[in-house]
S.K.: 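My questions all concern the structure below.
Predicted model only: the values in this text are computed from it and were never measured. A note on names: the letters A, B, ... follow the listed sequences, proteins ahead of strands, and every chain is numbered from 1.
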Amino acid sequence: MQKLGDFFEKFINKESIFINKKVLQSNYIPESIFHRDEQINNIAGILAPSLKLERPSNLFIYGKTGTGKTLTITYVTNQIKELASQKDIPVKIFYLNCKLKKIADTEYRLLVQLAYELGKQIPPTGLPTDEVYKIFFNIIDEKEQLLIIILDEIDQLVKRNGDSILYNLTRINTELKKSQIALIGISNNLTFIDELDPRVKSSLSEEEIIFPPYNAIQLQSILKDRVKLAFKDNSLEEGLIEKCAAFTARDHGDARRAIELLRVASEIAERNNEKKVLIKHLDEAEEKIERDRFVDIIEKQPKQFQVTLYSILIVNSNKNESIYTGDVYDIYKQICLKIGLRPLTQRRISDIIAEFDSLGVINVKLISKGRYGRTREISSSLPSTTESKIKKILEQELDL
DNA sequence: GTCAATTCACATGAAAGAGACCACGGTCTAGTG
DNA sequence: CTAGACCGTGGTCTCTTTCATGTGAATTGACGA
C-alpha cells in the first residue's frame, strides 16, 4: 500500500511533458482547419442559399477516414447555425452518424432521432414505420423551415437497410408544403454511390465534393499545430513529427491516426519517465495501437464470433498449409461441444468469417480448387505476438 | 490431344422464424372519497 | 370513480435457419486425328 502511495505521489510531482493533453484526443475540435480551404469554400457556397431559405443542393461528400470530412462539415454548418440564430432564420441542421448503433442505423431509428431533435419524442420501438413517417412529416411541415440533414457514414445505413430510406427522404420534398429538406451524405467508401438506385443517386449527388487524403507535408503542419498546444517546448525528439507524418501518409493519410500515434507515443514516453518523446516510442506506439484495436474488437464480439475466431486461430496454428471454411467449421463444432454451446450452421459461420474479414482481423480469399470445390482461403492478418495474446484472451473469455 | 460436360465444396441470396423489446388499448383490481 | 397492474395484439430489430441457386476450374469422358 505504502509503495502505491509513493507511486502516486511521484506521479503528481513528476514534471509532465504536456501542457494540454486534450488537444491530442480524438474529440478535440481544432480552431483552424488546415489544407481544406477549397472544400470549405465549396461547401459554404453550396449551403449558402439556405440562409435565404432556398433549398441548397443535396451534397455528397467522399473521402477516406481521417481526411477531415466530419470536421469540415461541422465547421461550416456551425457557422450557418450561428448566423441563422442571430438573424432568426428558420434553418435547422442535424448531424447524424449512421454507424452508431441504436441511434441512427435503421430507417425507424433515424426518423425517431430526427423527430427527437425537432423536439418530439417517439417511442424507440413499437410503432409501424409509416406511422413514424407521418409523425415526422407533420412536425416538419408544421411551420416554414429549412432542414439540412447530415448523414455521416451513410454507406453503413444503406448497407444494412437498402436505399429506400434515401429514396423516401429525397422524395419527401415534393410532398412538403411549407418546409424543405436538403441532405448531405458523407461516406468513406468511394464506390458506394454507384451501388445506389439511379434515381437516388442523381438526386443525392447534385453536388459532390471529394476530400483527398493528406500528404506527408500537410500532416506535418497539422501535427505541428497540435504539438504547439499540447506539449512543452523541446519535448519531442528532432524529426519525430516528420517521421510520424511519413508513417501515416504511407497508408491513407489519416490525420486522426497520425495524432493518435503521437498521443500514444507520448504516453509511452511519459510512463517511461522520459523527458522527451523519442522516435523509438513511435514504433512502440504503432504496435500498441494496432494491438489494442484488435483486442478491443475481439472482446466486444459475441460468443459465437469468438468461438469462430478461436477455431480459425487453432486451425491456423495446427496446419501450415492454407485453411478453408470446412476445416474451420469442423473445429468450431468440436469446440462448441466442449464448452456446451449450440453450434450454428455452416451458412452462418460462413457469414461470420466474412465479417471478420471486413473487420480486418483475418484475410480471406475466394478460391476455386476446381474439382475440389470453391471455398474461402483464410489466413490471419494478426502479427504473431498479437495473435498469441488474442488466443489467450479468447481462452479466458470462453473458459477453455 | 481437344473440348464440352460434370462435379465438388462451398459462396451467396432470399425468405422466414424465434425471441427480445416495446406501444397501445382494453380489462381487471385495489385504493380512495 | 380512478390509477395502476396486467393482458393480448401488433409492430421493429437482430440473429439464425432453411431452402435455393450460383460459381470456377480440375476432372472426366466422348470424340476425332
S.K.: Name every residue in residues 296-314 of chain A that has at least one heavy atom under 4.0 Å from any atom of DNA chain B, in order of residue number, or write none if there are no such residues.
M.R.: none
S.K.: Do A/Glu284 and A/Lys280 meet the salt-bridge criterion of a basic N to acidic O distance under 4.0 Å?
M.R.: no
S.K.: Inspect the surroundings of CD in A/Glu299 and state if more than 12 heavy atoms from other residues, nucleotides or ligands are less than 6.0 Å away.
M.R.: yes
S.K.: In terms of the nearest nucleotide of DNA chain B, which residue is placed more toward the 5' end: A/Asp351 or A/Gly370?
M.R.: A/Gly370
S.K.: Got a list of side-chain donor-acceptor pairs under 3.5 Å for residues 346-358 of chain A, not counting sequence neighbours?
M.R.:
unit_1   : atom_1 : unit_2   : atom_2 : d
A/Arg347 : NH1    : A/Asp351 : OD1    : 3.0
A/Arg347 : NH1    : A/Asp351 : OD2    : 3.1
A/Ser350 : OG     : A/Arg376 : NH1    : 3.1
A/Asp357 : OD1    : A/Val364 : N      : 3.4
A/Ser358 : OG     : A/Glu355 : O      : 2.9

S.K.: Looking across every strand, which nucleic acid part, if any, lies under 4.0 Å from A/Ile367 by heavy atom: base, sugar-phosphate, or nothing?
M.R.: nothing
S.K.: For nucleotides 14-18 of chain B, print each protein N/O atom paired with a nucleotide N/O atom at under 3.5 Å, atom names and distance only.
M.R.:
none

S.K.: Taking ILVMFWY side chains as joined if any heavy atoms are under 4.5 angstrom apart, and letting links pass through other members, which residues group with A/Tyr28?
M.R.: A/Val23, A/Leu229
S.K.: Regarding A/Lys134 and the six-membered ring of A/Phe137, is the cationic atom NZ or CZ under 6.0 Å from the ring centre and inside 45° of its axis?
M.R.: no
S.K.: Report yes if some heavy atom in the side chain of A/Phe136 is under 4.5 Å from a heavy atom in the side chain of A/Leu118; otherwise report no.
M.R.: yes
S.K.: Taking only side-chain N and O atoms of A/Thr325, does any of them lie within less than 4.0 angstrom of OP1 or OP2 on B/dC10?
M.R.: no
S.K.: Between B/dA11 atom P and A/Arg374 atom CZ, what is the distance in whole Å?
M.R.: 9 Å
S.K.: What is the distance from CD of A/Gln346 to P of B/dT12, rounded to the nearest Å?
M.R.: 13 Å
S.K.: Tell me who clusters with A/Tyr372, hydrophobic residues only, linked when side chains sit under 4.5 Å apart either directly or through other members.
M.R.: none
S.K.: Looking at side-chain heavy atoms only, is the closest gap between A/Lys276 and A/Leu278 below 4.5 Å?
M.R.: yes
S.K.: Give the table of side-chain donor-acceptor pairs shorter than 3.5 Å for residues 57-71 of chain A, with sequence neighbours excluded, one pair per line with atom names and distance.
M.R.:
unit_1  : atom_1 : unit_2   : atom_2 : d
A/Asn58 : OD1    : A/Arg55  : NH1    : 3.2
A/Asn58 : OD1    : A/Leu183 : N      : 2.8
A/Asn58 : ND2    : A/Ser203 : O      : 2.9
A/Tyr62 : OH     : A/Glu208 : OE1    : 3.3
A/Thr67 : OG1    : A/Lys64  : O      : 2.6
A/Lys69 : NZ     : A/Gly63  : O      : 2.8
A/Lys69 : NZ     : A/Lys64  : O      : 2.9
A/Thr70 : OG1    : A/Asp152 : OD2    : 3.0

S.K.: Show me the donor-acceptor pairs within less than 3.5 Å that the side chains of residues 167-176 of chain A make with the rest of the protein, sequence neighbours left out.
M.R.:
unit_1   : atom_1 : unit_2   : atom_2 : d
A/Asn168 : ND2    : A/Glu107 : OE2    : 3.2
A/Asn168 : ND2    : A/Tyr133 : OH     : 3.3
A/Asn168 : ND2    : A/Ser164 : O      : 3.3
A/Thr170 : OG1    : A/Leu166 : O      : 2.9
A/Thr170 : OG1    : A/Tyr167 : O      : 2.9
A/Asn173 : OD1    : A/Ile181 : N      : 2.8
A/Asn173 : ND2    : A/Ile181 : O      : 2.8
A/Thr174 : OG1    : A/Arg171 : O      : 2.7

S.K.: Can you tell me how far C1' of B/dC10 sits from CD1 of A/Ile378, to the nearest Å?
M.R.: 11 Å
S.K.: Under 4.0 Å, heavy atoms only, any strand: does A/Asp130 hit a base, just the sugar-phosphate, or nothing?
M.R.: nothing
S.K.: Report each atom pair, protein N/O against N/O of nucleotides 2-6 of chain B, whose distance is under 3.5 angstrom.
M.R.:
none

S.K.: By a strict heavy-atom criterion of less than 4.0 Å, which residues belonging to residues 333-343 of chain A are in contact with DNA chain B?
M.R.: none
S.K.: Between atom CD in A/Glu131 and atom P in B/dC24, what is the gap in whole Å?
M.R.: 9 Å
S.K.: May I ask you to test the A/Thr248-A/Tyr214 pair for a side-chain heavy-atom distance under 4.5 Å?
M.R.: no
S.K.: Mind checking whether A/Lys243 and A/Glu237 have side chains closer than 4.5 Å, heavy atoms only?
M.R.: no
S.K.: Looking at side-chain heavy atoms only, is the closest gap between A/Ile339 and A/Asp399 below 4.5 Å?
M.R.: no
S.K.: Could you tell me the separation between the CZ atom of A/Arg376 and the P atom of B/dT12, rounded to a whole number of Å?
M.R.: 5 Å
S.K.: Should A/Thr72 and A/Gln39 be marked as a side-chain hydrogen bond (donor to acceptor under 3.5 Å, both in side chains) after you check the CA-CA gap, both sets of side-chain angles, and the distance that decides it?
M.R.: CA-CA 8 Å; A/Thr72 308; A/Gln39 283 82 3; over 6 Å; no
S.K.: Considering only heavy atoms of chain A and a distance under 4.0 Å, specify the first and last nucleotide of DNA chain C in 5' to 3' order that meet this criterion.
M.R.: C/dG10 to C/dT28
S.K.: Run the side-chain hydrogen bond (donor to acceptor under 3.5 Å, both in side chains) test against A/Lys391 and tell me which residues pass, sequence neighbours left out.
M.R.: A/Ser317
S.K.: Quick one: list whatever passes ring-ring contact (aromatic ring centres under 6.0 Å, His included) with A/Tyr332, sequence neighbours left out.
M.R.: A/Tyr329
